[in-house]
Engineer: 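Handing you this structure, nothing more for now.
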Amino acid sequence: MSRVLDRRQVLRGATLAGSGLALSAYMPAWAQPVSAGIAKPLPTVSGDDITLKIAHQMMMIDGRQSHAIGINGTVPAPLIRLREGQNVRLHVMNELDEETSIHWHGLLVPFQMDGVPGINFPGIPARSTFTYEFPIIQSGTYWYHSHSGLQEQEGHYGPILIDPKDPDPVQFDREHVIVLSDHSFQHPHYLFDRLKKESGYFNRQRQTLSGLLAGKDQPLKERLMWGKMRMDPADVADVTASTYTYLVNGYGPKDNWTALFRPGERVRLRFINASSMTTFNVRIPGLPMTIVAADGLNVRPVQIDEFQFGPAETYDAIVTPPDMRAYTLVGESVDRSGMARATLAPREGMAAEVPPLRKRPLATMKDMGMGGHDISTMDHGSMKGMGSGTTSAEAGSMAGMDHSTMDHGAGAGSMQGMDHSQMNHGAAGAAAGAMAGMTAPQGQSGAKAGMAHGSGAMPGMADGQSMAGMDMGDMNMRDFSKAPGVKKGPGVQTISAMPVDRTGEPGQGLENVGHRVLTYRDLVALDRNPDTRAPEREIKLHLTGNMERYMWGFDGEKLSESPDPITLLHGERVRVTLINDTMMGHPIHIHGHFFDLVTGKGAYAPRKHTVLVQPGGTVSWDVTGEEGDWAFHCHMLYHMHAGMMRVVQVRKAGEAAA
């Protein structure tokens, strides 16, 4: 495992056996070109003392050589297999000429062992060793990665599997780890430099004149309106397949990593999104999946055909291939510029048809934060009430309502007969995008009656008419009265006027795919949550950005501007509401905690460590403070690098935050 590739070895191996199989000796056992599955008693690295060596190396992707930062000579890093209840010591040797670190993503560890330089430990200096030591108090699928600079983009990541101390409630015959990631043959600092100078630099799927003449994408009126607002509806992903190759366990689409099975077996696929900047849409054409765990924690089984997950999220799925045929596993990027590809097959050498890339999505007015109201009676020419002079009554919100107790399963019927005129539509709750928890699940076409969420159409509009066709010329898209806690400055390009809870939707671009797509509202915890108290207070945070200048932050502030930490008391129960004021999805992660998504599931709310907040959307979750200093950030690596990060300080009562 400690061998490192050099040029002679790569060329010799390629000459003897071809670029794919020649490299198999340099890949961890779980990520071999043909995987028979993980033999349970034989993990790659395990035990109470584990040594991890971080160093530069070369790797081969689709027959092309690339620089990487690996661990123990492999990219991805070795699978660490542990057992709930053990105590582990991990000796990390830094052979780089720069500082490094390892964060144990999703693991509940003492904050001094969390691995974030400058927040809870000093980092691992060049040519030195640091020992992490902590008890393992959980089980499930997790991962680890660098929290130093942009090293994660260069290959500094790997999977963690923790076996439960009690019998696993999920029965399976075989398992495979599926680590999805993105890799560029260009240096990550070059990518970041390009984004700072031109945020759409990597977007090769923009709308064109020829497309307009052919009747594709937006009509002229909508294009002019979006252009007037200096917004590009095709800007769905910052970094795309124009520079990225999407990987499965370190292999490109041409390498075709293959996982073996026997027909009729229950195969557990442990999906980890270890990418730096890519939200993946995952499906296996012709083979349903049953989701059994989210972010490492068990959920009630949900059968689906596709799911979307952002960087840092994990899902465990059970599949039962019925016959002697191959299946293609597809991890399509959210902008559909490229895909990661692997094969499930009963024997080596088989392959299935690889589906073509689907039509790329375009952002809608809903993604711009205009999805929260029936506007069929509004004066669309002036969009009255949306300028800087908006009154609290006009702002529109359902602040203060605890929607978590509503019967959302009833869909539209549960809202019939409600007199909305008597509701308090004012207050600062407008900024929270209230109506939290009232969007019906979309994955199984459960949208509220008369409201097509995918297109942004609203009740009372003619078929096919959407908000995008309105004259938005007089709209104020930067109305700070709707977000009084947001700092005014160049880092805030837009404020969502009418954000909505989108946890019942399948994800951007998946609204009309014609099959079952997972939503957060489909998730129900298998076990009762450990803390079911009502929150004592609420913290509202706006996810802000300026896409033209590539500036990202919380409430208009970057981490480098030294904003005040977010403070909690140890054991305090707090509701956090995130309002996405940008047209990008943001996977938001809090270290050292699991939170309960507010999706109407009560004591069985799904618990996660990372949640993808859709463009123009809101997400609420309840969390119980754990003592320590913790990082809180967007897990889009370049968003975090640009400043979308804060510190959460949790102290015991009577102790002042430092």
Side-chain angles (χ1 to χ4, degrees), residues 116-120 147 149-150 192 195-196 199 238 277 311-312 368-369 388 428-433 476-497 499 537-568 574-593 595 610-613 615-621 623 625 628-651 657-658:
V116 183
I119 293 183
N120 46 39
H147 230 291
L150 301 177
F192 187 74
L195 290 169
K196 288 294 289 184
S199 62
D238 291 341
M277 291 293 292
M368 197 187 291
S388 58
N476 183 357
M477 295 299 297
R478 201 165 177 262
D479 183 0
F480 285 91
S481 69
K482 300 183 184 301
V486 174
K487 178 182 177 182
K488 296 182 181 179
V492 182
Q493 186 177 17
T494 57
I495 298 290
S496 292
R537 62 187 175 102
E538 182 178 20
I539 297 173
K540 296 177 181 177
L541 290 169
H542 285 254
L543 317 183
T544 54
N546 185 322
M547 297 167 73
E548 289 188 332
R549 300 189 182 191
Y550 211 74
M551 301 171 69
W552 302 98
F554 288 101
D555 286 344
E557 292 186 286
K558 302 182 295 183
L559 181 65
S560 60
E561 295 176 312
S562 301
D564 292 335
I566 300 168
T567 58
L568 282 72
V574 175
R575 173 161 296 181
V576 176
T577 295
L578 305 172
I579 305 104
N580 190 349
D581 287 326
T582 79
M583 288 175 56
M584 287 281 173
H586 296 285
I588 302 300
H589 170 52
I590 184 170
H591 290 220
H593 298 74
F595 50 77
T610 307
V611 63
L612 181 59
V613 187
T618 69
V619 169
S620 292
W621 39 264
V623 66
D629 294 336
W630 307 103
F632 175 74
H633 60 90
C634 176
H635 224 285
M636 292 287 184
L637 182 61
Y638 299 134
H639 291 185
M640 180 179 68
H641 194 64
M644 203 169 193
M645 185 173 184
R646 294 284 289 271
V647 177
V648 175
Q649 288 189 341
V650 185
R651 298 290 186 266

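Here the structure is a predicted model, which means the values were calculated and not measured. Just so it is clear, the values below take in all heavy atoms, side chains as well, and ignore hydrogens, waters and symmetry mates. Along the sequence shown, the residues carry numbers beginning at 1.
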Engineer: Main chain of Arg549, side chain of Lys196: is a donor-acceptor contact present, judged purely on distance under 3.5 Å?
Structural biologist: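 It does hold such a pair.
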Engineer: Do Glu538 and Val574 pass the side chain to side chain contact (heavy atoms under 4.5 Å, CB included) test, and can you show the C-alpha distance, the side-chain angles, and the key distance before you say yes or no?
Structural biologist: CA-CA 6 Å; Glu538 182 178 20; Val574 175; over 6 Å; no
Engineer: Can you list everything that forms a ring-ring contact (aromatic ring centres under 6.0 Å, His included) with Tyr550? Sequence neighbours excluded, please.
Structural biologist: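 Only Trp552, His639 meet the ring-ring contact (aromatic ring centres under 6.0 Å, His included) criterion with Tyr550.
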Engineer: How many angstroms lie between atom CG of Asp629 and atom CD of Gln649, to the nearest 0.5 angstrom?
Structural biologist: 5.0 Å
Engineer: Minimum heavy-atom separation for Gly556 and Thr544, please, with both atom names.
Structural biologist: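 Shortest heavy-atom separation between Gly556 and Thr544 comes out as N-OG1, 2.9 Å.
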Engineer: Do Trp621 and Val611 have side-chain heavy atoms sitting under 4.5 Å apart?
Structural biologist: yes
Engineer: Taking side chain as C-beta onward, heavy atoms only, is Ser496 less than 4.5 Å from Met368?
Structural biologist: no
Engineer: Go through the steps to decide whether Arg651 and Thr567 satisfy the test side chain to side chain contact (heavy atoms under 4.5 Å, CB included), and finish with yes or no.
Structural biologist: CA-CA 8 Å; Arg651 298 290 186 266; Thr567 58; over 6 Å; no
Engineer: Report yes if the side chains of Pro587 and Met636 come closer than 4.5 Å at any heavy-atom pair, otherwise no.
Structural biologist: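 In short, these two side chains touch, coming nearer than 4.5 Å.
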Engineer: Under the ring-ring contact (aromatic ring centres under 6.0 Å, His included) rule, what do His633 and His147 come out as? Steps first, then yes or no, please.
Structural biologist: CA-CA 11 Å; His633 60 90; His147 230 291; 5.0 Å; yes
Engineer: Kindly give the heavy-atom pair with the smallest separation between Ile119 and Ala631, and that separation in Å.
Structural biologist: CD1-CB, 3.9 Å
Engineer: I would like to know whether Tyr638 and Leu195 meet side chain to side chain contact (heavy atoms under 4.5 Å, CB included); could you show each step before the answer?
Structural biologist: CA-CA 9 Å; Tyr638 299 134; Leu195 290 169; 3.9 Å; yes
Engineer: Considering only heavy atoms from C-beta outward, does the side chain of His635 approach that of Met640 to under 4.5 Å?
Structural biologist: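 No, every pair of side-chain atoms sits at 4.5 Å or beyond.
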Engineer: Side chains of Val647 and Ile566, heavy atoms from C-beta outward: is any pair under 4.5 Å?
Structural biologist: no
Engineer: Under the side chain to side chain contact (heavy atoms under 4.5 Å, CB included) rule, what do Val613 and Leu543 come out as? Steps first, then yes or no, please.
Structural biologist: CA-CA 9 Å; Val613 187; Leu543 317 183; 4.0 Å; yes
Engineer: Can you find a pair of side-chain heavy atoms, one from Phe554 and one from Ile588, that are under 4.5 Å apart?
Structural biologist: yes
Engineer: For Pro563, check side-chain contact (heavy atoms from CB on, under 4.5 Å) against everything at least two apart and list the hits.
Structural biologist: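 For Pro563 the side-chain contact (heavy atoms from CB on, under 4.5 Å) partners, ignoring immediate neighbours, are Glu557, Arg646.
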Engineer: Restricting to non-hydrogen atoms, name the atom on Leu637 and the atom on Met277 that form the minimum distance, rounded to 0.1 Å.
Structural biologist: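 It is N-SD, 3.5 Å.
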Engineer: What do the steps show when you test Phe632 against His591 for ring-ring contact (aromatic ring centres under 6.0 Å, His included), and what is the final call?
Structural biologist: CA-CA 6 Å; Phe632 175 74; His591 290 220; 9.5 Å; no
Engineer: Keeping the roles fixed (side chain from Asp555, backbone from His542), state whether a donor-acceptor pair exists under 3.5 Å.
Structural biologist: yes
Engineer: Not counting sequence neighbours, which residues clear side-chain hydrogen bond (donor to acceptor under 3.5 Å, both in side chains) with Asn546? List them please.
Structural biologist: none
Engineer: Any side-chain heavy atom of Thr618 within less than 4.5 Å of one from Asn580?
Structural biologist: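 Side chain of Thr618 against side chain of Asn580, heavy atoms only: no contact under 4.5 Å found.
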Engineer: For a 4.5 angstrom cut-off between non-hydrogen side-chain atoms, does Cys634 reach His586?
Structural biologist: yes
Engineer: Taking only residues two or more places apart in sequence, or in another chain, which ones meet Glu548 in a side-chain hydrogen bond (donor to acceptor under 3.5 Å, both in side chains)?
Structural biologist: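 In terms of side-chain hydrogen bond (donor to acceptor under 3.5 Å, both in side chains), with neighbours along the sequence ignored, Glu548 is linked to Arg230.
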Engineer: Under the rule for side-chain contact (heavy atoms from CB on, under 4.5 Å), what residues qualify as partners of His593, not counting sequence neighbours?
Structural biologist: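 Expected list: Ile590, Val623, Glu626, Trp630, Val650.
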Engineer: Donor-acceptor pairs under 3.5 angstrom involving side-chain atoms of residues 484-495: please list them, not counting sequence neighbours.
Structural biologist:
from, atom 1, to, atom 2, distance (Å)
Gln493, OE1, Met547, N, 3.0
Thr494, OG1, Asp581, O, 2.6

Engineer: Measuring from atom CG of Leu150 to atom NE2 of His641, what distance do you get when rounded to the nearest 0.5 angstrom?
Structural biologist: 4.5 Å
